[in-house]
Amino acid sequence: MSTVTSMKCACDTCLCIVTLEDAIEKNNKYYCCEACANGHINAQGCGHKGCTCN
Ligand SMILES: [Zn+2]
Ligand SMILES: [Zn+2]
């Protein structure tokens with residue numbers, strides 16, 4: 001079993017690619033990190049280089 005399922009973070013402004021294994025699931029969507037999953041509630045970015053989501 002070496003199936004890797006990757007997708008873009010469900011956050012619109014986020015460019016990060018996440019794998020099913022690493023993603024944070026919320027409401028059946030997959031996010032790269034807590035900040036995205038929480039809708040950037042504190043205007044906090046995901047902190048990934050080159051990504052300006054917040
Ligand atoms: Zn991001
Ligand atoms: Zn994200």
Side-chain angles (χ1 to χ4, degrees):
M1 296 292 281
S2 60
T3 306
V4 176
T5 308
S6 60
M7 72 201 87
K8 201 185 82 60
C9 173
C11 176
D12 272 346
T13 57
C14 186
L15 304 173
C16 299
I17 304 296
V18 294
T19 64
L20 267 184
E21 265 190 357
D22 294 335
I24 293 169
E25 185 188 354
K26 197 160 192 172
N27 300 323
N28 289 321
K29 293 178 178 181
Y30 295 90
Y31 298 90
C32 68
C33 63
E34 300 263 3
C36 289
N38 292 330
H40 300 290
I41 212 166
N42 298 318
Q44 184 182 20
C46 68
H48 294 126
K49 194 166 190 180
C51 184
T52 56
C53 69
N54 60 40

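For ligands, and for the atoms within them, numbers begin at 1 and follow the listed sequence. No experiment lies behind these values; they were computed from the predicted model shown.
- Closest of all the heavy-atom pairs between Cys14 and Lys8 is O-NZ, 2.6 Å.
- Under the 4.5 Å side-chain heavy-atom criterion for ILVMFWY residues, no single connected hydrophobic cluster contains both Met7 and Ile17.
- Considering every non-hydrogen atom in both His40 and Cys53, the closest pair reads CE1-SG, 3.6 Å.
- Counting only protein N, O or S atoms, the number found under 2.8 Å from the Zn ion (ligand 2) is 4.
- Ile24 belongs to no hydrophobic cluster with other residues, because no ILVMFWY side-chain heavy atom falls under 4.5 Å from its own, directly or through intermediates.
- When all heavy atoms of Val18 and Ala23 are compared, the closest pair comes out as CG2-CB, 4.0 Å.
- Contact between Ala10 and Lys29 at its shortest, heavy atoms only, is CB-CB, 3.7 Å.
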